[in-house]
Amino acid sequence: MSGRIATTVLGNRTVRGVLLLTVLIVVLAPVLVIGATITAFSQSEAQACDTIGEAQAPAGREVAKDGLFAKPLRLRTGEWYEVGATEYGGPSDPSSGSYGSIPDPSESYLPAHPNTFAELSILSTNPANHGAFTFADANALDNLPYMTGLRVAHEGHQEVLYKRDIGYGQGPEQTIGNGEPYRLDVWWQVAQTLGVSKSAVQIQLAPTGGTAATLGEPVTSEETANGEECSGGTSGGSIPLPLVPGTRTQILPNGLAAAGREAPAAVKAMVAAGNRLYGTTYLYGGGHGTSLDELQPAYDCSSAVSYVLHAGGVFGESAWDSTELESYGLPGPGQYVSIYANASHAFMYVGGLRLDTVESP
């Protein structure tokens, strides 16, 4: 393939791989793999994704189901929320170490990037007590992508912080005065500036460079200021699906993909599924042998493609391998969806945006 600007996220192989979104800017070179096209979409399909989503108010102790002690908080552009924040790292907390969980090594050394927050978990128990703590477990702010920017205000001070880390948090018995759980940890250097220890703070989504800045033409925050979004289906998570004019899928500054408002419902559901995969772990064989109805902690290339197709209602409940995907669909590029597969790899384009996987060395 040639002439493509890609987002590259590096990581320690022993820690994690990541799923990447990249943008196609020229025609694919014809030497790669077999293309498959999905042509069954129409605007007359059930419009599962055409409603404007409402932000969830801070939930406190309202909901305790599926292992949650409170609801994830889905942030919307331009709105402020009062949540709990804690301090971590530094001389008083040496067990936290100096490295965040973000896979990009240029961003992971937190003393060099003190403007950092960690999204916490609102699970009722700490998964790390029984195994690895994953990106998906840090769900207090609905699994924000790495390098999402937050404005954090406290005691007359305000800083823009970026998500470079994840953590379990303080547990279900500790909340701020209004019953809200602690949703973010603030790195100790900037926590001292803000006066944060175990505090109620005000937070708001802020424009960030994120990974989208390397793609050349990310959608600006002004273009999505109205906050139009839809739930994108129900499989495996509630990450909102932003909508942009037209039919093409676009990258937002926070790293999420935005579906074209005029795209078919099935395409919107696929874009939403890709957002749920963003930042999950790469594992060869991951996502196979399980139902595609449920989000798994790890995927490989073919199971990721299968998961996205299934979310669009055009695939069965079990993942195929890349060889099987060679024969899926019709030959040639599709109007909205194209799949590229051979015996060793598979990836896809949805509305012009590439979904691919990588295991970083």
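Please read all numbers here as calculations on a predicted model, not as lab measurements.
- Aromatic ring centroids of Y307 and Y299 lie under 6.0 Å apart.
- In this structure, the side chain to side chain donor-acceptor pair (under 3.5 Å) partners of T116, at least two apart in sequence or on a different chain, are R164.
- Residue pairs satisfying the salt bridge (charged side-chain N to carboxylate O under 4.0 Å, His left out) criterion with at least one member in residues 308-318, sequence neighbours excluded, are absent.
- Aromatic ring pairs are classed by plane angle as parallel below 30°, tilted from 30° to 60° and perpendicular above 60°; the pair H345 and F347 is tilted.
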> Does the side chain to side chain contact (heavy atoms under 4.5 Å, CB included) test come out yes or no for V152 and L184, once each step is laid out?
Replying inline: CA-CA 10 Å; V152 180; L184 67 153; 4.2 Å; yes
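- Clustering of Ile, Leu, Val, Met, Phe, Trp and Tyr by side-chain heavy atoms under 4.5 Å joins L110 with Y88, W187, W188.
- Not counting sequence neighbours, Q296 has no partner by the side chain to side chain donor-acceptor pair (under 3.5 Å) test.
- In terms of hydrophobic clustering, with Ile, Leu, Val, Met, Phe, Trp and Tyr side chains grouped at heavy-atom distances under 4.5 Å, M147 and V160 are assigned to a common cluster.
- With sequence neighbours excluded, the residues that form a side-chain contact (heavy atoms from CB on, under 4.5 Å) with T193 are E159.
- Taking all atoms of both residues into account, the shortest heavy-atom contact from V196 to E87 is O-OE1, 3.5 Å.
- The side chain to side chain donor-acceptor pair (under 3.5 Å) check on T249 picks up nothing, with sequence neighbours excluded.
- At distances below 3.5 Å, not a single donor-acceptor pair connects side-chain atoms of D321 with backbone N or O atoms of S302.
- Y81 and R183 are not linked by any side-chain donor-acceptor pair at a separation below 3.5 angstrom, with hydrogens and angles left out of the test.
- For residues 113-124, the salt bridge (charged side-chain N to carboxylate O under 4.0 Å, His left out) pairs, not counting sequence neighbours, are E119-K163.
- Every residue two or more places apart in sequence or in another chain that forms a side-chain contact (heavy atoms from CB on, under 4.5 Å) with I176 is listed here: E82, N178, E180, Y182, A200.
- The backbone N or O of G286 lies less than 3.5 Å from a partner atom in the side chain of S303, making a donor-acceptor pair.
- Contact between H288 and D300 at its shortest, heavy atoms only, is NE2-OD1, 3.0 Å.
- A distance-only check finds a donor-acceptor pair linking the side chain of S322 to the backbone of A343 [under 3.5 Å].
- The backbone N or O of V201 lies less than 3.5 Å from no partner atom in the side chain of S199, so there is not a single donor-acceptor pair.
- Using modelled atom types, no side-chain atom of N126 and backbone atom of Y168 make a donor-acceptor pair closer than 3.5 Å.
- Sorted by first and then second residue, the ring-ring contact (aromatic ring centres under 6.0 Å, His included) pairs with a member in residues 105-129 read Y99-Y109; sequence neighbours excluded.
- No side-chain donor-acceptor contact under 3.5 Å links N139 to the backbone of S121.
- When the ring-ring contact (aromatic ring centres under 6.0 Å, His included) test is applied to W320, the partners found at least two apart in sequence or on another chain are F315, Y328.
- Every residue two or more places apart in sequence or in another chain was checked for a side chain to side chain donor-acceptor pair (under 3.5 Å) with Q192, and none qualifies.
- A continuous path of ILVMFWY side-chain contacts below 4.5 Å connects M348 to L295, so both sit in one hydrophobic cluster.
- Annotation: salt bridge (charged side-chain N to carboxylate O under 4.0 Å, His left out) contacts involving residues 89-100, sequence neighbours excluded, are absent.
- Residues F135 and Y146 bring their aromatic ring centres within 6.0 Å.
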